[in-house]
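Each chain gets a letter, A, B and so on, in the order the sequences are listed, and its residues count up from 1. Because the structure is predicted, anything quoted here is derived from the model rather than measured.
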Number of protein chains: 2
Amino acid sequence: MSIYKEKNRKTKELIQTSFIKILENKTFESITVGDIAKQAQINRGTFYLHFIDKFDLLDQIEQQLFADLGNRIDELQSNYSSTHTFEKEQEQLAATLFSAIKIQSPLLKIFLSDHGRAGFHLRFRAAFSEKVRLNLEKNESFKATLEVPMEYFLSFITSAFLGLIEQWVQNDLDKTPQEMTTLYINIISFIQQTNTKKV
Amino acid sequence: MSIYKEKNRKTKELIQTSFIKILENKTFESITVGDIAKQAQINRGTFYLHFIDKFDLLDQIEQQLFADLGNRIDELQSNYSSTHTFEKEQEQLAATLFSAIKIQSPLLKIFLSDHGRAGFHLRFRAAFSEKVRLNLEKNESFKATLEVPMEYFLSFITSAFLGLIEQWVQNDLDKTPQEMTTLYINIISFIQQTNTKKV
DNA sequence: CAACAAAATGAACAGATTGTTCAATTTTGT
DNA sequence: ACAAAATTGAACAATCTGTTCATTTTGTTG
């Protein structure tokens with residue numbers, strides 16, 4: 001009974017990995033169920049025993065990706081006490097995000113490229129936007145000093161962060177998560193300098 | 001002779017506008033050439049007299065969009081002398097971008113959504129990334145003070161800006177371009193404050 | 001109006017892909 | 001050996017694609 005499930009799971013996984021492999025070289029739009037079956041060396045009908053269609057397949061992989069990232073982030077964050085300063089905590093969250101993303105970078109690189117599916121960058125931002133918001137709102141003076149709508153600030157900062165991630169994965173991880181964190185902090189500091197001079 | 005061209009142009013435009021109309025309600029993937037012909041009330045064969053396929057159609061609309069935005073930005077920017085401070089110039093560029101984007105917001109809203117085509121946000125960023133870079137590098141002390149690779153800084157700032165644009169068009173332009181510029185400046189100032197406290 | 005050119009139509013075509021069905025086969029469990 | 005679950009292979013109608021070509025409509029010119 002349990003080996004039946006195991007076999008089922010294994011085939012499903014085979015289909016997923018085969019699909020991702022094709023996705024490296026072909027656009028999602030251009031991939032057919034026949035392509036996937038051929039790559040996985042299974043019957044085309046078998047595909048339909050595991051997924052409704054290729055959209056369902058991609059959806060499930062995407063959901064798994066977000067769930068996995070969420071788990072990794074929560075686990076990494078739980079290792080740190082939150083008695084640090086507000087800024088240290090922001091830095092810590094950044095480090096956690098970069099570490100989690102590194103592990104899933106092969107998939108993220110594809111999903112964020114033009115081989116993926118439209119709107120992924122929005123769903124990805126939404127997936128970790130809530131964690132960022134909670135972290136920011138820990139700080140009491142934050143909401144008091146913030147003069148712009150929270151949704152705009154969140155869009156700004158999560159999108160900025162996504163920009164770094166996109167450059168990073170396109171560069172095939174040319175830096176360590178710690179270096180990326182430093183780079184992030186440096187950019188924030190640099191923006192500070194620019195404006196300080198103005199005033 | 002020239003009226004033949006005019007008629008040709010008009011039909012091509014009809015196909016484009018009809019397509020965009022469908023795109024508001026359906027995913028690009030799910031739209032067929034038959035759908036477009038039906039909406040435009042033309043023969044399906046006529047479509048192929050003007051475009052290779054639906055991908056070609058979308059590509060051309062995208063190219064036109066970028067060209068139009070580029071022209072608007074250049075024109076708006078040419079109305080201002082560049083004798084202001086570095087920061088004022090950055091603010092001016094932001095105002096210009098928001099103004100140009102407002103005009104093209106209906107199309108941008110669709111293209112940035114999950115009804116569009118994968119990778120649009122990257123191509124969009126690339127389209128105005130160069131203008132931002134040139135504007136930044138005007139300032140001599142900029143390159144001297146910047147401690148991070150230019151490509152990362154550009155990814156960060158253009159992506160952050162895109163985040164504001166995305167929120168703006170999703171909110172159906174709930175603010176004026178000038179208000180968006182102020183909002184942008186406010187966020188930069190806010191980040192400055194946060195870090196100033198730390199030091 | 002007549003003659004011509006360009007654009008659009010309608011219909012047909014083969015080819016590819018989709019999602020479903022079902023009997024036969026293989027793999028695994030008891 | 002027998003039963004259960006998973007997979008296979010083949011066939012099916014349906015849809016969409018891109019192309020072709022004869023015909024019709026629209027616009028131009030003399």
Side-chain angles (χ1 to χ4, degrees), chain A residues 1-64 110 114-118, chain B residues 1-64 110 114-118:
Chain A
M1 175 68 172
S2 67
I3 294 222
Y4 283 139
K5 282 185 183 174
E6 176 62 14
K7 189 185 182 186
N8 200 289
R9 193 195 59 76
K10 219 172 172 179
T11 303
K12 195 166 178 176
E13 204 171 276
L14 171 65
I15 293 174
Q16 289 184 334
T17 56
S18 303
F19 172 64
I20 293 169
K21 200 163 188 174
I22 303 175
L23 212 46
E24 290 172 8
N25 304 314
K26 292 184 74 174
T27 296
F28 172 68
E29 309 157 314
S30 70
I31 297 176
T32 69
V33 176
D35 292 336
I36 302 168
K38 190 179 175 185
Q39 174 74 30
Q41 294 182 296
I42 57 162
N43 191 277
R44 192 170 67 89
T46 306
F47 176 91
Y48 291 102
L49 296 176
H50 294 272
F51 301 97
I52 298 171
D53 51 28
K54 68 172 184 169
F55 299 96
D56 180 39
L57 169 57
L58 195 67
D59 280 348
Q60 289 196 30
I61 295 176
E62 191 174 308
Q63 289 304 316
Q64 286 170 22
I110 296 171
D114 56 0
H115 282 199
R117 210 176 167 193
Chain B
M1 176 69 172
S2 68
I3 296 224
Y4 282 140
K5 281 187 184 173
E6 176 62 15
K7 189 184 183 187
N8 199 289
R9 192 195 59 75
K10 219 172 172 180
T11 304
K12 194 165 179 177
E13 204 172 275
L14 172 65
I15 293 173
Q16 288 183 336
T17 57
S18 302
F19 172 64
I20 293 168
K21 200 163 188 175
I22 303 174
L23 212 45
E24 290 172 7
N25 304 313
K26 291 183 75 172
T27 297
F28 172 68
E29 309 157 315
S30 70
I31 297 176
T32 69
V33 175
D35 292 335
I36 302 168
K38 191 179 176 185
Q39 173 76 30
Q41 293 182 298
I42 57 162
N43 191 276
R44 192 170 68 88
T46 307
F47 175 92
Y48 291 104
L49 295 175
H50 295 271
F51 300 97
I52 299 171
D53 50 29
K54 67 171 185 170
F55 300 97
D56 180 38
L57 169 58
L58 194 67
D59 280 348
Q60 290 195 29
I61 296 176
E62 191 174 309
Q63 289 305 315
Q64 287 170 20
I110 296 171
D114 56 0
H115 282 198
R117 210 177 169 193

Item to check | Proximal nucleotide (of C/dT27, D/dT8, C/dT9) relative to the B/N43 side chain | outcome: C/dT9
Checklist outcome for this item: When rounded to whole Å, the NZ to P distance for the pair A/K10 and C/dT26 reads 20 Å
Checklist outcome for this item: Of the candidates D/dA3, D/dT7, C/dA8, the side chain of A/T11 sits closest to D/dT7
Checklist entry - Taking everything shown except A/I52 itself, do over 12 heavy atoms lie less than 6.0 Å from its CD1? => result no
Item to check | Flag if over 12 foreign heavy atoms under 6.0 Å of NZ, B/K21 | outcome: no
Next on the checklist: Could you tell me if A/D35 and A/T32 have a donor-acceptor pair between their side chains, going purely by distance under 3.5 Å?
Outcome noted: yes
Checklist entry - Within less than 4.0 Å of OP1 or OP2 of D/dA6, is there a side-chain N or O belonging to A/H50? => result no
Just the atom pairs and distances: protein N or O near nucleotides 16-20 of chain D's N or O, under 3.5 Å.
unit_1 : atom_1 : unit_2 : atom_2 : d
D/dT17 : OP1    : B/V33  : N      : 3.3
D/dT17 : OP2    : B/V33  : N      : 3.3
D/dG18 : OP2    : B/Y48  : OH     : 2.8
D/dG18 : N7     : B/R44  : NH1    : 3.2
D/dG18 : O6     : B/R44  : NH2    : 2.9

Checklist entry - C/dG10 P sits how many Å from B/Q41 CD, rounded? => result 12 Å
Checklist entry - Separation of B/E6 atom CD from D/dT26 atom P, in whole Å? => result 17 Å
Checklist outcome for this item: Between CD of A/E29 and P of C/dT18 the distance, given in whole Å, is 13 Å
Checklist entry - How long is the line joining OH of B/Y4 and P of C/dA6, in whole Å? => result 7 Å
Item to check | Complementary nucleotide for C/dA24 - Watson-Crick or wobble, under 3.5 Å | outcome: D/dT7
Checklist entry - Could B/K54 and B/F19 be counted as a cation-pi pair, given that NZ or CZ must be under 6.0 Å from the ring centre and within 45° of the axis? => result no
Checklist entry - Under a 4.5 Å cut-off applied to non-hydrogen side-chain atoms, are A/I36 and A/I15 in contact? => result yes
Checklist entry - In whole Å, what is the span from the CG atom of A/D56 to the C1' atom of C/dG19? => result 13 Å
Checklist outcome for this item: In whole angstroms, the gap separating C1' of C/dT20 from CZ of A/F51 amounts to 18 Å
Next on the checklist: What is the separation between atom CG on B/N8 and atom P on C/dA7, rounded to the nearest whole Å?
Outcome noted: 5 Å
Item to check | A/K38, NZ atom: more than 12 neighbouring heavy atoms under 6.0 Å | outcome: no
